[in-house]
There are 2 protein chains.
Amino acid sequence: MQNSEALSLTAALLAVAGELTQRIHEGVEARGFEGRPAYGFAFTRLAPDGATVTELATHLGVTKQAASQLVDELVRKGYVERRPHPGDARARLIVLTERGWACTRAAEEAAAEVVRGWGELLGESEVRVLREQLLRIAPYGPIRPIW
Amino acid sequence: MQNSEALSLTAALLAVAGELTQRIHEGVEARGFEGRPAYGFAFTRLAPDGATVTELATHLGVTKQAASQLVDELVRKGYVERRPHPGDARARLIVLTERGWACTRAAEEAAAEVVRGWGELLGESEVRVLREQLLRIAPYGPIRPIW
DNA sequence: AGCAGATGGTCAAGCAAGTTGACTATATGG
DNA sequence: CCATATAGTCAACTTGCTTGACCATCTGCT
């Protein structure tokens, strides 16, 4: 692969990720939720059993102060709650409220809608391959393509 | 594909794009250039024959004011020049300097280095497939995965 | 030719979302 | 039981982008 192709691969990655993010955001708003895309990525970390602010910060690739501010917003909008952490009195466990779960489902639906479009373009199985390739490259990296 | 898989595909896309961007940035700095990742994406638009501020803004997905500020930076650091636009006295043609070209080549090398690593992971041909799939999904979208 | 509206670019002010730094409260290991 | 590390928050600041206002030039229409 030529060097210039590697750079265009980067551009394509960013363009696709940006478009997907944008359209999920629109889909979530269309379903009656407000917020910015970062919410969705926070939810994926909080989803199963909650997480601490510090864990969330690591997941998002930001400082814990920034994560804490994000949690403030999420609390204000009723998507999450700060609960005492069982077994560590310093920490708090951030958990999704019912509304938070509903918003998460909305984001999943919106994402699935966009990805279905890709299926029509590339073929269902190709999209699956795409997903697996990406997961192999960056299994659990922080989510932060900001430049 | 289940809804939750679609969301994890998004996360994987962002993680991969973020890692790639980050590592290109490091590679460029290691080769003796300073700047932020946005430079590289500006360069890809300026590379062949230059572009106007407005064209650059479209490419990057920002306002023309923001693009203009970026050009200010690039001029200050010696990567580009503002030249009069042939055939439109309002516009200016932003073109790469020799140093700008050198920085572009450095970014390409750094990108190629990372992508080579992917080749070892997935196989050379799979990476090529990945690139083509992404290009089919978002042929020429603005580069802006910001959330 | 000449005028109206569109377009390229810049200046200035404001804002959103992050950072660094300092601090308190609790946990943990020697 | 003390020293040090860690969870979380408050406050001040930085950065990069936005919105709004403006001038210069281009374009199409009469």
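Here is how names work: the chains are called A, B, and so on, in the same order as the sequence lines, proteins then strands, and each is numbered from 1.
Distances shown here put every side-chain N or O of A/S68 at or beyond 4.0 Å from the OP1 or OP2 atom of D/dG8. The side chain of B/T54 places an N or O atom within less than 4.0 Å of a non-bridging phosphate oxygen (OP1 or OP2) of C/dG9. For the OP1/OP2 pair of C/dG8 and a distance below 4.0 Å, the side-chain nitrogens and oxygens of B/R92 include no atom meeting the criterion. The side chain of A/T52 contributes an N or O atom lying less than 4.0 Å from OP1 or OP2 of D/dG8.
Salt bridge present: B/R31 and B/E113 bring a charged side-chain N and a carboxylate O closer than 4.0 Å. A salt bridge between B/R76 and B/E34 is absent, with no side-chain N of the basic residue lying under 4.0 Å from a carboxylate O of the acidic one. Between A/R23 and A/E19 there is a salt bridge, since a side-chain N of the basic residue sits under 4.0 Å from a carboxylate O of the acidic one.
The CG atom of B/L13 lies 11.0 Å from the CZ atom of A/R131; values are rounded to the nearest 0.5 Å. To the nearest 0.5 Å, the span separating CG on A/L9 from CZ on B/R128 amounts to 11.5 Å. Rounded to the nearest 0.5 angstrom, A/L134 CG and B/L134 CG are separated by 7.0 Å. Here the straight-line distance linking atom CH2 of B/W118 with atom CD of A/Q133 works out to 10.5 Å at 0.5 Å rounding.
A donor and an acceptor atom, one from each side chain of A/Y79 and A/E73, are nowhere located under 3.5 Å apart. Using modelled atom types, one finds a donor on one side chain and an acceptor on the other under 3.5 Å when comparing A/Q22 with A/E26.
Taking atom CZ of residue B/R83 and atom C1' of nucleotide C/dG9, one finds them 19 Å apart after rounding to whole Å. Per the geometry, CG belonging to B/L70 stands 15 Å off P belonging to D/dT15, to the nearest Å. C/dG14 atom P lies 15 Å from atom CD of B/Q69, rounded to whole Å. Here the C1' atom of nucleotide D/dA7 and the CG atom of A/L56 are 13 Å apart, to the nearest Å. Residue A/D72 contributes atom CG, which lies 15 Å from atom P of C/dA16 at whole-angstrom precision. To the nearest angstrom, P of C/dA25 lies 17 Å from CZ of A/R82. The distance from atom CD of B/E73 to atom P of D/dG16 is 6 Å, rounded to the nearest whole Å. Atom NZ of A/K64 and atom P of D/dT9 are 10 Å apart (whole Å).
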Each nucleotide in nucleotides 24-29 of chain D should get exactly one letter: B, S or -. Can you fill that in based on protein heavy atoms under 4.0 Å? BBS---
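Residues A/H85 and A/T52 are in side-chain contact: their nearest non-hydrogen atoms beyond the backbone lie under 4.5 Å apart.
Residue A/A66 is in base contact, counting any heavy-atom pair closer than 4.0 Å across all strands shown. Contact annotation for A/T63: base contact, defined as any heavy-atom pair under 4.0 Å involving a base atom.
Remark on the helix from C/dA1-D/dT30 to C/dG30-D/dC1: inter-end axis angle 30°, axes from five-pair C1' superpositions, rounded to 10°.
Judged by distance alone with a 3.5 Å cut-off, a donor-acceptor contact links the side chain of B/Q65 to the base of D/dG20.
You'll find that the side chain of B/V53 is closest to C/dG9, out of D/dG8, C/dT19, C/dG9.
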